[in-house]
Amino acid sequence: MKKTAIIYSFNTKKTGKVAERIREVFGDDQVEMVNAEDLSEEVFMSYDRIIMGVATWFDGELPNFWDEFVPALEDLDLSGKKIALFGLGDQKGYPENFLDGVGIMAKILEEQGATLVGFTSVEGYEFESSLAQREDRFAGLAIDYENQGSMNKERVSAWVEQLKKEFA
Ligand SMILES: Cc1cc2nc3c(=O)[nH]c(=O)nc-3n(C[C@H](O)[C@H](O)[C@H](O)COP(=O)(O)O)c2cc1C
């Protein structure tokens with residue numbers, strides 16, 4: 001079976017660290033790191049299992065390096081793809097837009113027919129609103145370096161175990 005892709009910007013600091021940690025826990029030989037800033041439709045479509053790292057910038061928006069690939073994504077048929085999102089956000093600094101990037105990307109992927117996996121509980125976070133929230137879960141993994149950095153390792157480990165089952 002083809003490896004799982006971890007797609008994130010190689011230029012980000014915190015998202016990059018989380019991506020590295022996911023790779024370690026998942027197993028080096030199971031995943032391939034793919035730079036979101038250098039992504040083609042062909043490369044994206046060559047994976048059936050994808051983990052995407054999506055931070056939130058600019059008060060509730062996607063980082064601008066996604067601007068190029070999102071229009072391409074909106075032309076793809078993603079049925080049959082299982083995609084898991086992890087997001088970086090700051091719940092105290094941006095409580096009204098916490099993790100919105102994950103919600104924005106989740107909507108785009110679902111509209112193209114992808115199956116999203118890796119949803120996690122909103123318990124343990126404090127925020128006012130989030131586009132990533134679906135009832136009592138986020139549409140992916142929420143990582144908050146600024147306020148809950150000490151929980152990152154534990155959160156990533158539990159999430160990867162969940163993904164191993166949901167990707168099967
Ligand atoms: C200018 C700016 C705007 C931000 N806006 C949001 C936001 O709207 N929602 C949120 O959850 N986090 C927001 N953040 C926090 C970032 O998502 C967080 O710091 C993240 O760890 C950055 O990851 P990166 O270093 O990989 O880009 C913002 C950060 C900055 C500097």
Side-chain angles (χ1 to χ4, degrees), residues 4-26 28 31-40 43-44 47 49-74 83-111 114 116-160 162-163:
T4 297
I6 304 182
I7 301 178
Y8 67 104
S9 162
F10 287 10
N11 289 318
T12 52
K13 291 221 171 81
K14 295 176 198 146
T15 304
K17 276 193 193 168
V18 178
E20 285 295 338
R21 175 82 189 144
I22 293 170
R23 169 164 72 171
E24 273 171 35
V25 182
F26 218 99
D28 223 5
V31 296
E32 277 169 14
M33 307 303 253
V34 176
N35 191 353
E37 299 198 36
D38 186 23
L39 190 56
S40 68
V43 168
F44 191 90
Y47 296 94
R49 304 282 180 268
I50 300 171
I51 296 169
M52 286 168 81
V54 186
T56 303
W57 289 2
F58 313 123
D59 297 354
E61 292 183 35
L62 288 176
N64 41 11
F65 56 78
W66 282 111
D67 291 352
E68 214 169 307
F69 193 64
V70 163
L73 207 47
E74 287 169 338
I83 303 181
L85 298 172
F86 68 93
L88 287 272
D90 171 352
Q91 61 198 290
K92 276 202 183 136
Y94 304 90
E96 290 169 4
N97 302 95
F98 180 51
L99 219 74
D100 276 1
V102 164
I104 295 167
M105 188 60 87
K107 185 164 178 279
I108 295 167
L109 296 169
E110 283 180 323
E111 279 172 2
L116 294 186
V117 299
F119 285 28
T120 59
S121 173
V122 297
E123 221 172 281
Y125 301 83
E126 266 183 55
F127 59 95
E128 281 163 38
S129 64
S130 171
L131 293 179
Q133 187 171 0
R134 311 270 181 93
E135 297 178 352
D136 57 354
R137 295 191 304 165
F138 292 116
L141 172 67
I143 293 291
D144 183 340
Y145 253 101
E146 279 80 5
N147 308 294
Q148 297 179 332
S150 62
M151 297 172 86
N152 292 356
K153 274 194 174 175
E154 198 182 305
R155 282 176 171 164
V156 167
S157 298
W159 193 59
V160 170
Q162 179 184 339
L163 290 191

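Atoms within each ligand, like the ligands themselves, are counted from 1 in listed order. The model shown is predicted, which means the values in this text are computed figures rather than measured ones.
The two residues Val122 and Arg137 have their closest heavy-atom pair at CG1-C, 3.7 Å. Residues Val102 and Phe86 come closest through the heavy atom pair CG2-C, 4.1 Å. Here the closest heavy-atom approach between residue Val34 and residue Val43 is recorded as CG1-CG1, 4.1 Å.
Residue-ligand proximity, Leu99 to ligand 1, at heavy-atom distances under 4.0 Å covers atoms 10 (C), 11 (O). Set against the non-hydrogen atoms of Phe58, the atoms of ligand 1 under 4.0 Å away are 3 (C), 4 (C), 5 (N). The ligand atoms of ligand 1 that sit less than 4.0 angstrom from a heavy atom of Phe98 are 11 (O). Within ligand 1, the atoms closer than 4.0 Å to a non-hydrogen atom of Thr15 are 23 (O), 24 (P), 26 (O), numbered from 1 in the order shown. Close approach of ligand 1 to Gly89 is summarised as follows: ligand atoms under 4.0 Å from at least one heavy atom of the residue are 10 (C), 11 (O), 12 (N), 17 (O). Applying the 4.0 Å criterion to heavy atoms of Gly60 picks out, from ligand 1, the atoms 7 (C), 8 (O). Atom numbering of ligand 1 starts at 1 in the shown order; those under 4.0 Å from a heavy atom of Asn97 are 7 (C), 8 (O), 9 (N), 10 (C), 11 (O).
The heavy atom nearest to atom 30 (C) of ligand 1, out of those in Tyr94, Phe65, Tyr8, is found in Tyr94. Relative to atom 7 (C) of ligand 1, the option among Asp144, Leu131, Ile143, Thr56 with the closest non-hydrogen atom is Thr56.
Of all protein heavy atoms, the one lying nearest to atom 19 (O) of ligand 1 is Glu146 OE2, 2.5 Å. Atom 20 (C) of ligand 1 has Leu88 CB, 3.6 Å as its closest protein atom, hydrogens excluded (heavy atom only).
At a heavy-atom distance under 4.0 Å, atoms from both the backbone and the side chain of Trp57 approach ligand 1.
Close N/O approach between Gly16 and ligand 1 is not found [any backbone or side-chain N/O within under 3.5 Å].
Using a 4.0 Å cutoff on heavy atoms, Asp59 counts as a contact of ligand 1.
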